[in-house]
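The figures that follow rest on heavy atoms only: side chains count, while hydrogens, waters and symmetry mates do not.
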Amino acid sequence: MQLHFLGTGAGMPSKDRNTSALMVKLLDEVGEMWLFDCGEATQHQILHTSLKPRKVTKIFITHLHGDHIFGLPGFLSSRSFQGGDEPLTIFGPQGLQQWIEQTLALSKTHLTYPLQFVEVHEGIIFENEHFTVSASELRHVVPCYGYRIEQKDLPGELLMEKALALGVPKGPLLGQLKAGKDIELADGTVVYAKDVVAPPKKGFTLTILGDTKYCPEAVSLANGADIVIHEATFDGTTTDLAANYGHSTNVEAAKVAQQAGANYLLLNHLSARFLPHDLPKFLADAQEVFPQTFLTSDQSVFTWNNNQLI
């Protein structure tokens with residue numbers, strides 16, 4: 001899995017940060033990319049990458065503020081122009097479908113692919129053989145959701161030397177064992193999959209939180225997560241102001257990760273008030289609470305590999 005931050009700013013775009021958009025690349029896992037939020041000019045940000053909009057199969061919107069959705073019409077249209085013809089599913093709060101459909105209709109925008117809409121609610125909103133996605137409402141000034149993406153356990157590795165030592169010939173029987181099926185050899189010997197396949201590997205858990213003030217719902221959604229992505233619109237000197245606007249500070253985000261028992265924390269959605277020279281202290285203050293905290297910036301990329309974030 002790879003996380004590509006296309007926009008990490010809060011409110012309005014600035015010279016240093018575009019508005020919210022995060023691409024989760026699951027090409028190795030399922031051959032797809034999932035987009036979380038789509039602020040203004042997201043498609044512009046994509047032009048500076050190798051990301052292909054036609055590979056995006058799902059879009060998850062946290063809430064209906066403009067800095068999280070104003071890039072949708074352009075992105076959806078560009079996906080058509082760039083050869084996208086596979087269905088696209090959009091998850092989001094009530095009202096999102098109406099806004100998109102009216103915008104496309106009034107602008108006479110024709111899409112070459114079908115759109116499917118899922119109105120987000122508490123609990124599981126998507127599940128297939130590889131992933132489960134759950135949602136929970138956070139505490140912002142409008143309905144806003146956080147998402148928890150859980151990869152299901154991966155099959156254990158086939159212990160090739162052990163299988164060959166038991167007389168299993170190279171070929172399709174090895175594939176059956178790897179799939180967890182017991183087999184019978186030509187001489188009648190039964191080889192049990194559990195004896196030649198390593199235990200399943202635990203999948204990753206990624207929590208992506210929308211705009212929110214510090215709240216127990218965020219901690220619950222992030223419980224035991226490998227990676228938590230949390231907004232940090234304010235810093236510790238403006239805690240009350242952050243809460244009044246339904247936002248969090250860097251220190252509060254760190255407390256969420258700490259209390260949730262997460263492994264890594266990525267801070268995004270930073271206010272334009274924080275200039276480059278402010279960021280070292282901004283990060284250090286969060287790391288005092290949760291050492292494995294990192295700052296995101298536009299076009300920053302993080303890769304999850306072998307249970308490590310690099």
Side-chain angles (χ1 to χ4, degrees), residues 1-5 20-26 29-30 32-38 56-64 68 89-94 96 117-140 142-154 200-232 246-248 252-269 290 292-294 296 302-304 307-309:
M1 175 193 62
Q2 198 170 70
L3 304 171
H4 198 133
F5 288 86
S20 294
L22 165 65
M23 193 74 78
V24 178
K25 293 176 66 177
L26 300 169
E29 291 81 0
V30 290
E32 301 177 17
M33 297 193 300
W34 297 356
L35 179 62
F36 287 79
D37 285 336
C38 188
V56 177
T57 61
K58 296 173 182 60
I59 299 176
F60 297 83
I61 300 297
T62 58
H63 64 295
L64 301 188
H68 294 256
T89 304
I90 302 179
F91 300 78
Q94 183 180 21
L96 180 62
F117 292 92
V118 175
E119 189 173 298
V120 175
H121 54 78
E122 293 279 337
I124 295 175
I125 59 170
F126 171 77
E127 184 170 13
N128 64 11
E129 60 182 311
H130 302 289
F131 289 97
T132 299
V133 181
S134 304
S136 184
E137 187 168 357
L138 304 172
R139 299 191 188 182
H140 193 38
V142 298
C144 183
Y145 288 87
Y147 296 102
R148 179 182 175 94
I149 302 96
E150 295 178 89
Q151 183 186 31
K152 296 184 178 180
D153 287 350
L154 304 171
K201 296 180 181 178
K202 187 179 182 303
F204 65 80
T205 297
L206 167 67
T207 297
I208 299 172
L209 300 169
D211 291 5
T212 184
K213 64 181 181 180
Y214 173 81
C215 63
E217 292 87 350
V219 177
S220 178
L221 207 59
N223 183 44
D226 294 296
I227 306 167
V228 175
I229 300 172
H230 199 302
E231 68 128 297
H247 286 294
S248 295
E252 288 173 326
K255 288 180 180 177
V256 167
Q258 178 193 57
Q259 293 171 0
N263 291 328
Y264 295 93
L265 170 65
L266 301 179
L267 299 178
N268 74 339
H269 202 268
F290 189 77
Q292 289 291 80
T293 300
F294 301 89
T296 65
F302 295 83
T303 301
W304 180 253
N307 295 321
Q308 296 283 327
L309 188 65

Worksheet item: Do you see a donor-acceptor pair shorter than 3.5 Å between the side chains of Asn268 and Thr296?
Response: no
Discussion item. Working to the nearest 0.5 angstrom, can you tell me the gap between Thr132 OG1 and Phe126 CZ?
Written reply: 8.5 Å
Worksheet item: Partners of Gln94 by side-chain contact (heavy atoms from CB on, under 4.5 Å), sequence neighbours excluded?
Response: Glu119
Worksheet item: Does the side chain to side chain contact (heavy atoms under 4.5 Å, CB included) test come out yes or no for His247 and His269, once each step is laid out?
Response: CA-CA 10 Å; His247 286 294; His269 202 268; 3.6 Å; yes
Discussion item. Test of understanding: with ring pair (Phe, Tyr, Trp, His ring centres under 6.0 Å), list the residues that count as partners of Tyr214, not counting sequence neighbours.
Written reply: none
Worksheet, complete the sentence: Shortest non-hydrogen pair, Ala260 vs Ala222, comes out as CB-O, 3.4 Å
Fill in: Arg148 bridged to Glu150 by N-O distance under 4.0 Å
yes
Practice prompt. List in chain and number order the residues that pass side-chain contact (heavy atoms from CB on, under 4.5 Å) with Ser220, two or more places apart in sequence or in another chain; answer none if no residue qualifies.
Written response: none
Item to complete: Can you establish whether the number of heavy atoms outside Lys255 located under 6.0 Å from its atom NZ is more than 12?
Response: no
Fill in: Those residues that, when tested against Val142, pass side-chain contact (heavy atoms from CB on, under 4.5 Å) (two or more places apart)
His63, His65, His140
Discussion item. Once rounded to the nearest 0.5 Å, what's the spacing between atom OH of Tyr264 and atom CG of Leu3?
Written reply: 12.5 Å
Discussion item. Under the rule for ring pair (Phe, Tyr, Trp, His ring centres under 6.0 Å), what residues qualify as partners of Phe60, not counting sequence neighbours?
Written reply: Trp34, Phe36, Phe91, Tyr147
Item to complete: Output every pair passing salt bridge (Lys or Arg N to Asp or Glu O under 4.0 Å) with a member in residues 202-224, not counting sequence neighbours, ordered by first then second residue.
Response: Arg139-Glu217
Fill in: Exercise: identify the closest heavy-atom pair between Glu231 and Ser248
OE1-N, 3.1 Å
Practice prompt. Specify the closest pair of heavy atoms between Ala253 and Leu267, including all atoms of both residues, with the distance to one decimal.
Written response: CB-CD2, 3.6 Å
Item to complete: Evaluate the side-chain proximity of Val24 to Ile149: yes if any heavy-atom separation is below 4.5 Å, no if none is.
Response: no
Fill in: Lys152/Glu129 ion pair, N-O < 4.0 Å
no
